[in-house]
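Below is one structure; the comments refer to it alone.
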Amino acid sequence: MELHTVKEADLKGKRVLIRVDFNCPVKNGVVTDPTRIKAALPTINYILSEGASLVIMTHFGRPKGEKKPEFSLLPVKNEFEKLLGRPVLLAPDVLGKEVEDMVKALKPGEVLMLENVRFYKEEEKNDPEYAKALASYGDVYVNDAFGTAHRAHASTEGVSHYLPSYAGFLIEKEVKYMAPLLENPEHPFVAIIGGSKVSSKITVLESLAKTCDKIVIGGGMAYTFLKVQGHKIGKSLVEDDFLETASSFLEKAKEKNVEVILPVDHVAAKEFAETAEPVAVDSVDIPDDLMGMDIGPKTVKLITDALKDAKNVVWNGPMGVFEFAQFAKGTEMVAKALADSDAVSVVGGGDSVAAINKFGLADKISHVSTGGGASLEFLEGKTLPGIKALEK
Ligand code: AMP
């Protein structure tokens, strides 16, 4: 997969319309975590250094197509201005004469932020007239919002029909690390997939099984697979509607010589509660009165061993109920094993990314994806409309 990237574009004296994901958490009118703003700064600074002016588009929260003041970008603009170190104008709206005049008045090096693109229901409907109006603000379109690339919205896909379109550095990096996993990973390639449900992860399992050598299945979804294999799973999470799906996945993996690694021991509990007492279960089978809450130390060792000679690793989804400290060890150990590995490592999905950040390991991972839903859909092999629009 090859993208048109911002470095190819002639930007001097141009007005660049850029879509970013500045959907940051805000409390009492102040951005509490500016990670997303910081992530887009390299692309933004590059564009400005090339002698262009910038019109910035982002969504913020879910105003559901209405101009609700609590979803105004003012707090985000203030934080962005601080981090950028130059003045940023905030338009009073997305559309209208006043906004058009502000856009026209922009000089090279100047930055204007449109109001929340989701103030109009046309944004999420990918309305062509709305997209055309947005496109009229720029000579060139750059998309650097990977987190919304799986949605065909006016600002993520629609505008690309009317302007020469390029990927920013963030999207370029996402594709650089994620596309080879499905196309031509380095072998051995190990996939580690966790999370609560088979139903939400089966597509990604099937997609990765086409290219990986080993696949680790952990988290709540592992118990449906263990049940299929005839193991006792006690009161663990199970999706009985997906037993057949799980069984046919295991068969297909065997046919393809993909080694499936399932938990061989567990940390269990009598109940699903923050205060639940952890009970070590040193066997695959789980007693009737217990539920599996985390993988045990033998399983962690299996995973660590599988990673030893790996050249490529992808991880999506926690190994246990990591929100409760007593059941977070498995997820923490997998995060550490990934950080220690010499393999090209890619982590996607909100929970695994949160775990990597919580344990301060982000700088030891080759690529930490910036989009939860988008990275899952990418790994499922789906076409992301926002990325397709930038393909060569
Ligand atoms: P997902 O959104 O599908 O990636 O699942 C993430 C959720 O799976 C987290 O909130 C975990 O608490 C949950 N989870 C992981 N392991 C288990 C388990 N053994 N039993 C129940 N829930 C689990």
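All values below come from the heavy atoms of this structure, side chains included, with hydrogens, waters and symmetry mates left out. Along the sequence shown, the residues carry numbers beginning at 1. When a ligand or atom number is given, it counts from 1 through the structure's own listing order.
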Nearest non-hydrogen protein atom, [atom]:
{"atom": "atom 23 (C) of ligand 1", "answer": "V321 CG2, 3.6 Å"}
{"atom": "atom 2 (O) of ligand 1", "answer": "D351 OD2, 4.1 Å"}
{"atom": "atom 12 (O) of ligand 1", "answer": "E323 OE1, 2.6 Å"}
{"atom": "atom 14 (N) of ligand 1", "answer": "G320 O, 4.0 Å"}

Ring centroid separation Y141 to Y162 under 6.0 Å: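 No, the ring of Y141 stays outside the 6.0 Å limit from the ring of Y162, centre to centre.
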Under 3.5 Å: N/O of [X] near N/O of ligand 1:
{"X": "G220", "result": "yes"}
{"X": "K201", "result": "yes"}
{"X": "Y223", "result": "no"}

Proximal ligand 1 atoms for G292, defined as those under 4.0 Å from one of its heavy atoms: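 Result: 18 (C), 19 (N), 20 (N).
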Ligand-side contact atoms (ligand 1) for residue partner M293, heavy atom cut-off under 4.0 Å: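 Checking each atom against M293, I get 19 (N).
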Where A276 and F327 come nearest, the two heavy atoms and their spacing: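 Where A276 meets F327 most closely, the heavy atoms are O-CZ, 4.0 Å.
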Y177 and H367 aromatic ring geometry - parallel, tilted or perpendicular at 30°/60° bounds: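 It falls in the parallel class, under 30°.
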Nearest-0.5 Å distance that lies between atom CD in E186 and atom CG in L181: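 Answer for the CD-CG pair, E186 versus L181, is 10.5 Å.
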Within 6.0 Å of NZ in K173, more than 12 heavy atoms from elsewhere: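 Atom NZ in K173 is packed in, count exceeds 12.
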H266 and its side-chain contact (heavy atoms from CB on, under 4.5 Å) partner, picked from I286, T299, V279, D285: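 Single side-chain contact (heavy atoms from CB on, under 4.5 Å) partner of H266 among I286, T299, V279, D285: I286.
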Option of least heavy-atom distance to atom 1 (P) of ligand 1 (set: A354, S196, G330, S199):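 Going through A354, S196, G330, S199 one by one, S196 has the nearest heavy atom to atom 1 (P) of ligand 1.
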Residues K252 and E255 bridged, charged N to O under 4.0 Å: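 No.
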